[in-house]
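Input: a single structure, listed below in structure tokens.
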Amino acid sequence: HLIPFLELAKLLASKGHKISFISTPRNIDRLPQIPQTLTPLINFIKINLPKSQNLPDDAQSTKDVPFDKVRYLKLACDALRSPISDFLKTCSPNWVISDFVTYWLGPVAAEHGVQSAYFSVFPAVVLGFLGSPEVAMCGDDSRAGVEGFVKRPKWVLFESEVRPGRFQLTRGYENFNAIDENVSDAFRLGAAVNGVDAVIVRSSYGFEPEWLSLLTELYRKPVIPAGLLPSTVATGHDACWLETKRWLDTCENGSVVYVGFGTETKPSQYELTQLALGLEMCGLPFYWVLIDQRGPLDDEVIELPRGFEERTRGRGVVCRRWAPQFKILSHDSVGGLLIHSGMSSVVEGFQLGKPLVLLPFLVDQGLIASYLVEKKMGYMIAREDSDGSFSPESVADSLSLVMVREEGRMYREKAKEMMGLFGGRDVQDKCVDELVHFLTK
Ligand SMILES: C[C@@H]1O[C@H](OP(=O)(O)OP(=O)(O)OC[C@H]2O[C@@H](n3ccc(=O)[nH]c3=O)[C@H](O)[C@@H]2O)[C@H](O)[C@H](O)[C@H]1O
């Protein structure tokens, strides 16, 4: 969630406000450069995580550890309560804006007379589906088990088909349940909302009018959309970009599909195989950013089908390191995206007017994907709801529909139509002005 937090910090700084951006040393070092004009206003503060016997020494972000070890990162993060409290006491900022993992921050801030807000990188549909803070923290009788979770929640009174896939709920088991001494993500989220003075959401009324209105009812405190936070092109040239650009320059305009599942989603061996065979079958050029290991402790090996890279050489690229995603998407050769529905990737695709094929893996991604499908803004690859299985044919068919075929023209047109809502600087600026007005009144 670092990138949207940095984007928010940049937007607030661009209005003249001083920001202290607190994170761990390695995470701060990983951040993209900020424009020189903002450097006097954003002070990066590094706080070390305590050592944990369950984590590798330099693990500081979710992508550094396998999925089942993420809870130890959250527990390590809980130990930051005391240094952050000291910071608030010494620096007494006007506001502290935090993520849901640090769910204890609101009351800590209040002790020092500092106002607090939870900034949700998830859009309102994800928060609204999870319900009021009390329901998120303690559950709800109408929602027992997976079956209770795939129905429209009783507090959603408007028509909506939004729901996660059953297989996504099973995959997210580690996050949804308290394990060892770690509380669940839903509890952290509910408690984060409960403890703060206001909730800031990466969204806009243009994008999610009903769900944002629902949140104000559920939360009974100010809910302010921060805008969709479109990306800005990172400065600087890395070797990877020059090599990639040379390849993209050889492809026809609008022909390449960008395939990427964000910063941490590693597909299973089954998903990797189906995807690879689907990409091979569809015949389109592709640029695939593949995460095949989550940190040094991850010993689950996944491999592309035998001969895949030879058979697709020249037509496709598989990149196994950090790729300059936004620069690649901005290239004219890229005609569409196959993504997991992570919000930053959704925004980047639409701000550039490029259509989306969706393959969500986790619950939040499933909710965003089903919202986009309901609004006819994206096309989801068909998967078996119970176990998430899907065929190479459905990958190939979805890609050709959205990228090439006449029946899929509506997705290409919709993506162009979305450019203003997702990328318009004036739309974003208006949201930030309203947010600043709220924070300073
Ligand atoms: C907990 C998880 O946080 C999330 O972020 P995630 O990284 O998965 O995806 P995005 O929001 O698309 O964000 C990914 C961001 O990283 C950039 N990028 C990524 C890979 C790369 O090689 N190069 C890049 O530049 C990309 O351009 C985008 O800005 C989502 O909420 C997700 O739903 C949630 O489950």
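Just so you know, ligand 1 is whichever comes first in the structure, and atom 1 is the first atom listed for that ligand.
- Taking the six-membered ring where tryptophan is involved, the planes of W211 and F129 are tilted, since the angle between them lies from 30° to 60°.
- Ligand 1 has no nitrogen or oxygen under 3.5 angstrom from a nitrogen or oxygen of E264.
- In K245, the NZ atom is not crowded: 12 or fewer heavy atoms of neighbouring residues, nucleotides or ligands sit closer than 6.0 Å.
- Using a 4.5 Å cut-off on side-chain heavy atoms (C-beta onward), L127 and V223 make no contact.
- Considering Y118, F122, F119 in turn, F122 is the only one that fulfils the ring pair (Phe, Tyr, Trp, His ring centres under 6.0 Å) rule with H1.
- L130 has its side chain within reach of L189: a pair of non-hydrogen atoms, C-beta onward, lies under 4.5 Å apart.
- Using a 30° and 60° split on the angle between ring planes, F207 and Y371 fall in the perpendicular class, above 60°.
- Taking distance alone, with nitrogen or oxygen atoms compared against 3.5 Å, F122 stays at or beyond that limit from ligand 1.
- Protein heavy atom closest to atom 29 (O) of ligand 1, with residue, atom name and distance, is E348 OE2, 2.6 Å.
- Any N or O atom pair closer than 3.5 Å counts here, and S341 shares no such pair with ligand 1.
- Within the 4.0 Å heavy-atom criterion, the part of M343 lying near ligand 1 is the backbone and not the side chain.
- Close contacts of ligand 1 with V289, meaning ligand atoms under 4.0 Å from a residue heavy atom, involve 22 (O).
- Near T263, the atoms of ligand 1 lying under 4.0 angstrom from a non-hydrogen atom of the residue are 6 (P), 7 (O), 8 (O), 16 (O), 19 (C).
- Below 30°, between 30° and 60°, or above 60°: for F261 and F361 the angle between ring planes is above 60°, a perpendicular geometry.
- Considering only heavy atoms from C-beta on, K354 stays 4.5 Å or farther from V257 through its side chain.
- Near Q365, meaning under 4.0 Å from one of its heavy atoms, ligand 1 places the atoms 32 (C), 33 (O), 35 (O).
- Ligand 1 lies out of reach of K63, whose nearest heavy atom is not under 4.0 Å from it.
- Atom 30 (C) of ligand 1 has its closest protein heavy atom at G342 CA, 4.0 Å.
- Not one N or O of S231 is nearer than 3.5 Å to an N or O of ligand 1, by distance alone.
- Some N or O of S345 is nearer than 3.5 Å to an N or O of ligand 1, by distance alone.
- The ligand atoms of ligand 1 that sit less than 4.0 angstrom from a heavy atom of A323 are 21 (C), 22 (O), 23 (N), 24 (C), 25 (O).
- Using a cut-off of 4.0 Å between Lys/Arg side-chain N and Asp/Glu carboxylate O, D78 and K74 are scored as not salt-bridged.
- Regarding atom 33 (O) of ligand 1, its nearest protein heavy-atom neighbour is D364 OD2, 2.5 Å.
- For the pair R30 and F44, the cation does not sit on the ring face, since its NZ or CZ is not both under 6.0 Å from the ring centre and inside 45° of the axis.
- Distance from atom 8 (O) of ligand 1 to its nearest protein heavy atom, with residue and atom name: H340 NE2, 2.9 Å.
- For a threshold of 3.5 Å applied to N or O pairs, the pair formed by Y258 and ligand 1 contains no separation below that value.
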